[in-house]
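Here's the structure, in structure tokens; my notes come after.
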Amino acid sequence: MYRVRLFATRHSRAFEWIYQRLETVFVALDPLFRRLGYNRVERVVAVPERWVKSFLFDCKMCGQCVLSSTGMACPMNCPKQLRNGPCGGVRPGGYCEVKPQMRCVWTEAWEGASRMKHGERIAEVLPPVDRRLEGSSAWLRASREKARPEEAATDKARAALAQAFPRARVLEPSAAPLAEEPPRAVNRGEGS
Amino acid sequence: MSLFWSDPNAIRPYEAPPPGHVAGSKLEIALRAGQFAVTAEMNPPDSADPADVFEAAKPLADVAHAINATDASGANCHMSSIGICALLTRMGHGTVYQISCRDRNRIAIQGDVLGAAAMGVKNVLCLTGDDVGAGDQPGAKPVFDLDSLTLIRTIRTMRDQGVFLSGRKITKPPKLFIGAAENPCVDPVEWRPERLAKKVEAGAEFIQTNYIFDMPRFEAFMARVRDLGLEKRVFILPGVGPLASGKAARWMRSNVPGIHIPDAVVERMEKAANPGDEGRRICVELIQQIREVKGVAGVHVMAYRREHLVADILREAGVARDERAENAQL
Ligand code: SF4
């Protein structure tokens, strides 16, 4: 919901805190998830994750959540789906070029970031979205990637992307994931 | 110089840039030598005739270090930027190949980058692109697979690491001087310098801005840019252009995305007895003021349908480049 998502960026500091706690919990649960099998928990987590995040942030389930680096404003609500800041067409007062009745997502994002403890993370250059991961759980991906950041990539292309965006790989590892994906987390191929 | 390469043997192998340069374009050489550089935007033809490209480039070729070939700017369809660049490089002109993320995905873009480099392109400008709704075919599918920053980083990776974004090797990496855009006078004005910093971080080496008509806003932007030390890491070429009339200024302001023209400028245009002359005068004054701002490396002239005025404007502003003198030096 538009109003709720504006509320979230206005209170970005609180949401940042909640999100960090949540992440800590998910990272701690990694051994459990591994035992159960990430593929088995994928849907169990992805469904409620979608409810919560669409209510709060108008989340589009890109699967590569970067809210902590974008002032708690979901960049997928930008009609151009920009991941790295506003376009040059922002209207006076900070309204969107494409949808004039909507606040530019990136104006909100930068304002949100300025209220956050680690707002400087908005300066990170984030990689392009891996469109195969749409609809999958970003929370589980964060737990996979953060619990074992040194995991060697099984996929050469992913390793290359992580190398091209080295700082994003460190700060937002799920934006440049390396761990093997459970079949259900990938759009194409089995499990979809 | 012949119009086309008739002899395939005349195609020289891909040459290495001079030491200290990434591409060795006229633009890069001028900027690194500390000269006040000039780039100019060409009006792309709605035609398949190469003569129309040469005609459109004629008033700009001798006065600019590089001619910008727009990539369906405003989401209006014209001859492609890569086609224009291919023709202009055959004539020995410097070009800035503009790439917008609106119409092509990462596969198409990386392929075109190699194609452009092979045809002699040495400067690229990485853009997000205006929304399709702004153009003549609003029903088109917007792509936006990359954004301007990931595009910059992609080309940097191709050039410096010699690989595609997928990690696959490029046997002869493209030698390109990588540019990006900025729009200092539109909202969110307080974050524009930070966004510029991010573009520099992504790998941009020169910046061409959208139109500057508001000097106080531009100066505030540049003050912050200098605080961040960005002017030492990137060459900044502010955008200027002559307005045609008060009516045109109002129309641009409300119909073209990302254009900010203060009321004072619009009123000055409206009150003028000869709006054409006034627009030109304003442009000359702006260049003179912009030139004095610390951290500015040149200007980018966008004189849409008024390209014939560019040479005079530059001369009057005292920033015209002297091609003959430059050649004599070489
Ligand atoms: S104005 Fe903001 S939200 Fe709208 S397309 Fe541009 S960056 Fe995205």
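In what follows, every chain begins at residue 1, and chains take the letters A, B, ... in the order their sequences are listed. The structure displayed is predicted, hence computed values, not measured ones. Worth knowing before you read on, the calculation uses all heavy atoms, side chains too, and leaves out hydrogens, waters and symmetry mates.
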Answer key: most heavy-atom pairs under 4.5 Å with chain B among Gln163(A), Arg167(A), Glu124(A), Gln81(A) is Glu124(A)
Got a sec: does the CZ of Phe55(A) have more than 12 other heavy atoms crowding it under 6.0 Å? no
Is it the case that over 12 heavy atoms from other parts of the model lie below 6.0 angstrom from the NZ atom of Lys60(A)? yes
Smallest heavy-atom separation, Val125(A) atom then Lys198(B) atom, equals CG2-O, 3.7 Å
If you round to the nearest 0.5 Å, how far is CD of Glu201(B) from CG of Asn84(A)? 11.0 Å
Please state whether the side chain, the backbone, both or neither of Asn210(B) comes within less than 4.5 Å of a heavy atom of chain A. neither
Please say whether more than 12 non-hydrogen atoms of neighbouring residues, nucleotides or ligands are located less than 6.0 Å from CZ in Arg253(B). yes
Indicate yes or no for a side-chain donor-acceptor contact from Glu97(A) to the backbone of Asp131(B) under 3.5 Å, with no hydrogens or angles considered. yes
Ranked by heavy-atom pairs below 4.5 Å to chain B, first place among Pro127(A), Cys87(A), Cys104(A) goes to Cys87(A)
Please state whether the side chain, the backbone, both or neither of Arg158(A) comes within less than 4.5 Å of a heavy atom of chain B. neither
Indicate every side-chain donor-acceptor pair of residues 178-189 of chain B with a distance under 3.5 Å to a residue at least two apart or in another chain.
unit_1    : atom_1 : unit_2    : atom_2 : d
Glu182(B) : OE1    : Arg195(B) : NH1    : 3.1
Glu182(B) : OE2    : Arg195(B) : NH1    : 3.0
Asn183(B) : ND2    : Gly88(A)  : O      : 2.8
Asn183(B) : ND2    : Gly258(B) : O      : 2.8
Asp187(B) : OD2    : Gly93(A)  : N      : 2.7

Quick one: does Trp191(B)'s side chain get under 4.5 Å of Val90(A)'s, heavy atoms only? no
For atom CZ of Arg3(A), decide whether the heavy atoms of other residues, nucleotides or ligands shown that lie under 6.0 angstrom number more than 12. no
Checking heavy atoms, do the side chain of Pro86(A), its backbone, both or neither come under 4.5 Å from chain B? both
Arg106(B) versus chain A, the contacting section by heavy-atom distance below 4.5 Å: side chain
Write out, in numerical order, the residues from residues 142-150 of chain B with a heavy atom short of 4.5 Å from a heavy atom in chain A. Phe144(B), Asp145(B), Leu146(B), Asp147(B), Leu149(B), Thr150(B)
Please examine the side chains of Pro128(A) and Leu151(B), heavy atoms only from C-beta on, and report whether any two atoms are closer than 4.5 Å. no
For Ile18(A), does the CD1 atom sit with more than 12 other heavy atoms under 6.0 Å from it, leaving out its own atoms? yes
Separation between NZ of Lys156(A) and OG of Ser166(B), rounded to the nearest 0.5 Å: 7.5 Å
Between Pro257(B), Gly203(B), Gly167(B), who has the most heavy-atom pairs with chain A when the cutoff is under 4.5 Å? Pro257(B)
With a cut-off of 6.0 Å (strictly less than), are more than 12 heavy atoms of other residues, nucleotides or ligands near CD of Glu180(A)? no
Sorted by number, residues from residues 110-119 of chain A in contact with chain B (heavy atoms, under 4.5 Å): Trp110(A), Glu111(A), Ser114(A)
Heavy atom to heavy atom, less than 4.5 Å: which residues from residues 70-77 of chain B reach chain A? none
If I measure from the heavy atoms of chain A, does Glu194(B) come under 4.5 Å with its side chain, its backbone, both, or neither? both
Go through the atoms of Arg102(B) and report whether side chain, backbone, both or neither lie under 4.5 Å from a heavy atom of chain A. neither
Give a yes or no on this: more than 12 heavy atoms of other residues, nucleotides or ligands lie within 6.0 Å of atom OH of Tyr95(A). no
Just do the side-chain contact (heavy atoms from CB on, under 4.5 Å) check on Leu165(B) and Phe165(A) with the steps written out, would you? CA-CA 10 Å; Leu165(B) 211 49; Phe165(A) 295 84; 4.3 Å; yes
Per-residue contact mode, Ala164(A) against chain B (heavy atom under 4.5 angstrom): both
